[in-house]
Structures are given as C-alpha cells and as structure tokens.
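Just so you know, residue 1 is the first one in the sequence shown, and it goes up from there. Computed from heavy atoms alone, side chains included, the values below leave out hydrogens, waters and symmetry copies. No experiment lies behind these values; they were computed from the predicted model shown.
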Amino acid sequence: MTVRIGTRASKLALTQTQQTADRLAAVGGFAVELVHVRTDGDVLTGSLSQMGGTGVFVAALRDALLRDECDVAVHSLKDLPTGAAVGLSLAATPARVDVRDVLCARDGLKLADLPAGAKVGTGSPRRAAQLRAARADLDIVDIRGNVDTRLGRVPGLPGNTTDAVVPGKSCDLDAVVLAAAGLERISRLDAVSEYLETDVMLPAAGQGSLAIECRTADAPPKPGSSEGSREVLAQALAALDDPDTRLAVTAERALLARLEAGCAAPVGAYAYRKGSMLHLEAVVCAVDGTASVRGKRATDGLTEVGATLLGIELAEVLLAAGAADIADLQAS
C-alpha cells in the first residue's frame with residue numbers, strides 16, 4: 001500500500017508535507033509518495049486579495065483529491081476556506097506550532113526601532129492593518145513570493161543570496177513580516193529580529209496549524225459517529241490529530257465564518273486551551289489601521305460544538321461593536 005500525498009511545490013509546502021508524510025508512514029507502516037499539484041496561487045501574479053484570497057492555494061489540491069489523483073492533501077490551515085468542501089473531510093489537525101507573526105528587519109531592528117517612513121513588506125491585509133495601527137508612520141508595501149523571495153527583499157538577512165539592490169526584487173525593503181511557523185519549518189528563524197506578540201498582531205485564523213484533508217469515505221469517524229473508515233490510513237490520520245489544536249482552530253474558523261470574512265479580510269483570531277477553558281481573542285481592523293474592534297470570550301465547552309459556539313458568540317460581539325462598518329469583511 002502506497003499513500004499518495006498531494007502538495008504544492010513550494011519549498012515550504014514540500015517541507016511541511018514531507019514532515020507530515022514521514023509521520024503518517026511511521027504511524028501507519030505504509031509507503032508514501034508526494035504528488036505535486038500546481039495551484040492558481042503558484043501561477044497567478046498580483047496581490048492575494050485581488051486573486052481571490054488564500055483559497056487559491058487550496059482548490060487544485062481539493063480537485064486532485066476528488067479526482068483520486070492523491071489520497072491525502074496537506075495545507076496550511078490558514079489557507080483553507082471556512083466553507084465545507086463536498087466529499088472531503090478535515091481528517092487531522094496536527095499539534096500547532098508557534099502562532100505568532102515575526103518581523104525580519106535589516107540590522108536586527110525591532111518594530112519600535114524602525115525609522116519613520118521605513119518600508120515594510122507584507123502580502124496580508126491583516127498584517128498591514130495591524131502594522132499601520134502600531135506604527136502609522138511606516139510605508140507598508142504589498143509583496144508576493146515564497147518565503148525566501150520575501151526575505152530576499154531585506155538586505156543583510158542570514159541566508160540571503162544577494163546584496164544587490166533591485167527595486168521590487170531584492171534588498172529594497174527595511175523589513176518584512178512573516179509567520180514564525182513557516183520560517184521554523186524551513187529553518188530560517190535566524191532571519192527574525194522580533195517576535196510580534198498577539199497584543200500587537202493577532203495571527204490569522206489557523207496560523208501555525210496544518211490541515212490534512214482526505215475524501216470523506218477515507219476519513220476517521222468523528223466521536224459518536226459510525227460514518228468514516230477504520231482502515232489503516234484513517235487510523236494513522238486519527239493518530240496525528242491533536243484535540244486541543246482542533247478545538248482552537250474550530251473556534252477561530254467559526255468566528256471567520258460568522259463574520260462572513262473572506263481570506264483577505266483584515267481579521268486576526270487566536271484561540272487556545274488553558275486548563276478547563278477554551279479562550280478566543282479576535283480583532284477586526286480597518287485596512288488603513290485607523291480603527292479596530294477587539295474582543296475576548298471563553299468557554300468550558302471543550303467540544304467541537306462548544307468551540308463553534310464560542311467563535312459565533314465572539315463574532316456577534318464584534319459585529320455589534322461595528323466590525324462590519326470598519327472593514328470589508330467580504331474581502332476575498
């Protein structure tokens with residue numbers, strides 16, 4: 001038996017998929033094979049918000065699953081649209097890694113130390129809005145490209161391959177903001193000058209988490225349900241699932257869904273379990289950083305239903321406080 005695992009072909013995607021494949025193989029005792037799938041996000045140029053948000057990285061992988069070209073697909077969970085995909089199931093959410101965003105700046109500068117007018121690159125409206133809220137005097141530049149390409153825009157970072165200043169290509173920015181999780185997975189944390197705590201920058205829903213999808217017929221049964229598979233792949237997927245991570249991302253994604261927030265809407269959300277409580281904090285920002293609505297809620301309902309209700313409850317609080325008036329929540 002060989003399990004075919006679908007992945008994008010970027011360095012980060014291949015790295016996190018290979019790590020997942022190795023864990024599945026070790027647990028399940030089967031062979032694995034990576035299947036490279038090109039997505040619209042890998043082919044199209046322009047800003048993510050104009051292309052249809054991060055869902056552009058997911059659709060082709062889902063199609064490959066439904067066409068039986070692979071058995072499992074590995075995504076960055078923050079790329080996964082909140083709507084259900086007919087015929088597919090989120091079979092596993094492995095243990096989450098660092099959820100924070102990081103600043104990678106020239107000369108080891110921190111956010112507070114960047115000079116007025118410093119050029120800071122990000123492709124995320126969420127990061128851009130929170131950067132502007134923290135430092136209205138910065139020049140936020142919309143950028144695209146893989147992790148190495150983005151880091152290459154900042155002069156002097158460890159691991160960069162050129163010192164040539166080429167506008168729009170290399171060494172032309174003072175800093176970029178990226179996810180700690182991605183840098184950790186490709187061993188480039190040495191480029192980080194500051195970890196941005198969640199009181200400064202709340203992460204995207206699902207940030208730091210992976211999503212392992214498969215066809216619903218091959219997925220492990222949900223608690224209390226007889227539907228699903230008992231085969232070796234399903235058992236291996238169930239072994240990789242981390243219950244606390246699943247609760248957290250369920251709350252975060254329920255909040256996004258209730259806000260009807262598209263992938264490119266400036267919304268940050270972070271849930272975590274502490275003892276017998278699941279906590280959720282979220283922010284909705286104006287893209288220009290001039291206004292925001294922030295809130296927190298917690299629940300002792302440590303089930304997927306309880307987590308979903310927590311996300312919906314906090315979304316209602318944010319909407320009542322005017323979230324829809326300050327941000328284009330349908331941005332995608």
Side-chain angles (χ1 to χ4, degrees), residues 48 52-59 61-62 73-97 99-101 124-127 179 181 198 202-214 216 219 222-223 237 240-273 277-285 293-299 301-319 323-324 327 329-332:
L48 277 182
T54 49
V56 297
F57 294 124
V58 171
L61 280 166
R62 285 178 158 176
V74 179
H75 314 280
S76 291
L77 201 146
K78 66 185 175 68
D79 293 344
L80 212 60
T82 55
V86 176
L88 301 179
S89 291
L90 180 53
T93 52
R96 194 174 209 171
V97 297
V99 303
R100 291 173 294 179
D101 290 301
S124 159
R126 172 190 60 82
R127 289 177 181 140
T198 54
L202 275 174
Q207 187 160 309
S209 304
L210 296 179
I212 307 178
E213 276 193 313
C214 69
T216 299
K222 287 186 173 292
L237 288 166
L240 260 61
D241 191 60
D242 180 68
D244 286 354
T245 296
R246 185 176 282 270
L247 286 177
V249 300
T250 296
E252 293 164 9
R253 287 165 58 77
L255 174 123
L256 276 193
R258 176 61 192 93
L259 292 175
E260 298 181 21
C263 296
V267 178
Y270 174 43
Y272 58 95
R273 180 175 173 178
M277 301 293 289
L278 180 67
H279 298 262
L280 175 62
E281 183 172 6
V283 66
V284 177
C285 306
V293 176
R294 194 178 187 108
K296 295 180 183 179
R297 282 291 186 276
T299 183
L302 300 181
T303 63
E304 286 193 55
V305 171
T308 300
L309 292 174
L310 175 64
I312 293 170
E313 179 190 358
L314 183 52
E316 297 286 2
V317 170
L318 297 176
L319 289 169
L329 293 177
Q330 278 74 42
S332 63

Checking Arg253 against Leu77 for the side-chain contact (heavy atoms from CB on, under 4.5 Å) test, could you report, in this order, the C-alpha distance in whole Å, the side-chain angles of both residues, the deciding distance, and whether it holds?
CA-CA 10 Å; Arg253 287 165 58 77; Leu77 201 146; 3.4 Å; yes
Please round to the nearest 0.5 Å and tell me the distance separating atom [atom1] of [X] and atom [atom2] of [Y].
{"X": "Lys78", "Y": "Ser76", "atom1": "NZ", "atom2": "OG", "answer": "5.5 Å"}
{"X": "Thr299", "Y": "Arg273", "atom1": "OG1", "atom2": "CZ", "answer": "11.5 Å"}
{"X": "Ile312", "Y": "Leu259", "atom1": "CD1", "atom2": "CG", "answer": "10.5 Å"}
{"X": "Leu80", "Y": "Leu256", "atom1": "CG", "atom2": "CG", "answer": "11.0 Å"}
{"X": "Glu304", "Y": "Leu247", "atom1": "CD", "atom2": "CG", "answer": "7.0 Å"}

Using side-chain heavy atoms (C-beta onward) and a distance below 4.5 Å, is [X] in contact with [Y]?
{"X": "Leu210", "Y": "His75", "result": "no"}
{"X": "Leu278", "Y": "Leu310", "result": "yes"}
{"X": "Arg258", "Y": "Leu319", "result": "yes"}
{"X": "Leu88", "Y": "Cys214", "result": "no"}
{"X": "Ile212", "Y": "Leu90", "result": "no"}
{"X": "Glu260", "Y": "Thr82", "result": "no"}

Would you sort out whether Val74 and Glu213 count as a side-chain contact (heavy atoms from CB on, under 4.5 Å), showing the intermediate values?
CA-CA 7 Å; Val74 179; Glu213 276 193 313; over 6 Å; no
For residues [X] and [Y], report the shortest heavy-atom separation together with the two atoms involved.
{"X": "Ser209", "Y": "Thr245", "value": "OG-CG2, 3.8 Å"}
{"X": "Ala181", "Y": "Gly208", "value": "CB-CA, 3.7 Å"}
{"X": "Ala282", "Y": "Leu318", "value": "CB-CD1, 3.9 Å"}
{"X": "Ala251", "Y": "Leu280", "value": "O-CD2, 4.1 Å"}

Whether Asp242 side chain and Thr93 backbone form a donor-acceptor pair below 3.5 Å
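Side chain of Asp242 to backbone of Thr93, a donor-acceptor pair under 3.5 Å: no, none is there.
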Got a donor-acceptor contact below 3.5 angstrom from the Arg62 side chain to the Ala73 backbone?
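Such a contact is absent between Arg62 side chain and Ala73 backbone.
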Run the side-chain contact (heavy atoms from CB on, under 4.5 Å) test against Tyr270 and tell me which residues pass, sequence neighbours left out.
Arg96, Val99, Thr198, Leu202, Pro203, Glu252, Tyr272
Test item: side-chain donor near acceptor, Ser89 and Thr216, under 3.5 Å:
yes
Which residues satisfy the salt bridge (charged side-chain N to carboxylate O under 4.0 Å, His left out) test with Lys296, sequence neighbours excluded?
none
Of His279, Glu313, Glu281, the residue whose pairing with Arg297 passes side chain to side chain donor-acceptor pair (under 3.5 Å):
Glu313
